[in-house]
There are 2 protein chains.
Amino acid sequence: MTTSGLTPTAQDYLKVIWGAQEWSDEPVTTSALAERLGVSTPTVSEAVKRLAAKGLVSHPRYGSIALTESGRRAALDMVRRHRLLETFLVTYLGYGWDEVHEEAEILEHAVSAAFVDRLERRLGRPTRDPHGDPIPSRDGELPELPAVSLCELAEGAAGQVARVSDADAELLRYLSGAGIGLDGWITVVRHQAAAGVLTVEVDGRRVDLGLPAARAVWVVRK
Amino acid sequence: MTTSGLTPTAQDYLKVIWGAQEWSDEPVTTSALAERLGVSTPTVSEAVKRLAAKGLVSHPRYGSIALTESGRRAALDMVRRHRLLETFLVTYLGYGWDEVHEEAEILEHAVSAAFVDRLERRLGRPTRDPHGDPIPSRDGELPELPAVSLCELAEGAAGQVARVSDADAELLRYLSGAGIGLDGWITVVRHQAAAGVLTVEVDGRRVDLGLPAARAVWVVRK
DNA sequence: CTGGGGAGTTAGCCACACCTAAGAAATTAG
DNA sequence: CTAATTTCTTAGGTGTGGCTAACTCCCCAG
């Protein structure tokens, strides 16, 4: 219901705006959206104008873009679709966790609400996707998990992997190769801030992670 | 490969042209396509012009529209996608055979070639969809089944249901209710051509079918 | 063999989603 | 506090996919 009547492009904009809002305090700007969506700023300007006309976002001239309540609902519906689809691709079709994002990105615009509900039931109402991201409920609830980035962990501290950013498929493959996967245990051995390297121990093996990699891995302490 | 680079609309046109070519000898006209696609004739005219420019169809001015070889390949790829998806929706998500067509109609444009191949493997390389329609192979082979419409059967003759047209969901529900399903046995009891009614026997029960219903059911004799 | 009438195409319009180039606003620098 | 720079928007163009209205072509009937 909430996403019907929206074009795939509009759905994408809402999802990206939601993500930008969620993961940082910086204002959501035209250029930031253009960057993430891979389009020019005028294209974003026009699209945001259309979204505002539909009451899905607010955008004071030259100001920061924000979702309205109905915009947020639509965005979360897309996130729900995306994460359920990723779960399906892994558990039913045997995709790797590095391969699902692109496919889900397209499929999320194509499946019906009935499909999503059936899929959720069939998958056993999962609470997180293959990367550990929580799956929003049908009514827009999004469980918050108490995880922190590997970077936040002090030397000697250990944690269980709860979430890994799916933004970079290459990185996901690297992490798999290093033995890092969901629910695995990691101990931080040494911070080398200057070198931008974090040494961790996984399954008794030592692994050096660059800062981007370390930032992408979220763990639950202890 | 063969369908990539085509818009969903173009894919739909090709599929409909293929269907029109396949199921009747009548020339494929602009107005026939407009009818089936639910758009105006000028819209079809423009779209066909674009398809012809891409070498997917031939259309002599004011003449009949026909697929080229590459057009046929693309159309069959869409048919393959559609039928595999219908099979999936029934076997994995528990859809009824009357509910799958619409959903597959959208999904067929969204799934990747890799998805289709994985799905086919996962489903055990099925040869027909939930309505008995044969599923084209990846290289465009389409098994022909030796079935005839119920109408062709003489009084007293029996046959096994091999294929039911999925064009009308209402009709599919009616047939299910009457106990008619894939692989079931049917005996023709009486033709009443004047009344447009065919009396058949299914599971020991007598059922009266109207002509549209009888035409939609295909059986293998004996 | 000439007129209609119906089918098909062209013309001209709108919306969406993209672009580049140019102009307006806000912020930052001097 | 002006000036320069960055950022955003407007202007104008393209392609796809729709529409209605008007025109053109083909064919059949008289």
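Chain identifiers are assigned alphabetically (A, B, ...) following the order of the sequence lines, protein sequences preceding nucleic acid strands; residue numbering begins at 1 within each chain.
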Given [options], the nucleotide with the shortest approach to the side chain of [X]:
{"X": "A/S31", "options": "D/dT9, D/dT20, D/dC8", "result": "D/dC8"}
{"X": "B/Y62", "options": "D/dC26, C/dC19, C/dA26", "result": "D/dC26"}
{"X": "B/P42", "options": "C/dT10, D/dT7, D/dT24", "result": "C/dT10"}

Using a 4.0 Å cut-off on heavy atoms, which residues in residues 43-53 of chain A reach DNA chain C? List them by number, or say none.
A/T43, A/R50
Heavy atoms of other groups near [X] [atom1], more than 12 under 6.0 Å:
{"X": "B/R173", "atom1": "CZ", "value": "yes"}
{"X": "A/E22", "atom1": "CD", "value": "yes"}
{"X": "A/E35", "atom1": "CD", "value": "no"}

Separation of atom [atom1] in [X] from atom [atom2] in [N], rounded to whole Å:
{"X": "A/L33", "N": "D/dT9", "atom1": "CG", "atom2": "P", "result": "10 Å"}
{"X": "A/D12", "N": "C/dC16", "atom1": "CG", "atom2": "P", "result": "16 Å"}
{"X": "B/H109", "N": "D/dT16", "atom1": "NE2", "atom2": "C1'", "result": "15 Å"}
{"X": "B/E26", "N": "C/dA7", "atom1": "CD", "atom2": "C1'", "result": "15 Å"}
{"X": "A/Q11", "N": "C/dC16", "atom1": "CD", "atom2": "C1'", "result": "14 Å"}
{"X": "A/L37", "N": "C/dC16", "atom1": "CG", "atom2": "C1'", "result": "15 Å"}

At under 4.0 Å between heavy atoms, what does B/T7 touch on the DNA or RNA strands: base, sugar-phosphate, or nothing?
sugar-phosphate
Describe the nucleic acid contact of A/S40 in one word from base, sugar-phosphate, nothing, applying a heavy-atom distance below 4.0 Å.
base
Answer yes or no: does a side-chain N or O of [X] lie under 4.0 Å from OP1 or OP2 of [N]?
{"X": "B/T9", "N": "D/dG17", "answer": "yes"}
{"X": "B/Y13", "N": "D/dT16", "answer": "no"}
{"X": "A/R61", "N": "D/dT10", "answer": "yes"}

Below 4.5 Å, heavy atoms only, C-beta onward: do B/H131 and B/R163 meet side chain to side chain?
no
Taking atom types as modelled, is there a side-chain donor on [X] or [Y] under 3.5 Å from an acceptor on the other?
{"X": "A/T3", "Y": "A/D77", "value": "yes"}
{"X": "A/H82", "Y": "A/D129", "value": "no"}
{"X": "B/T9", "Y": "B/T7", "value": "no"}

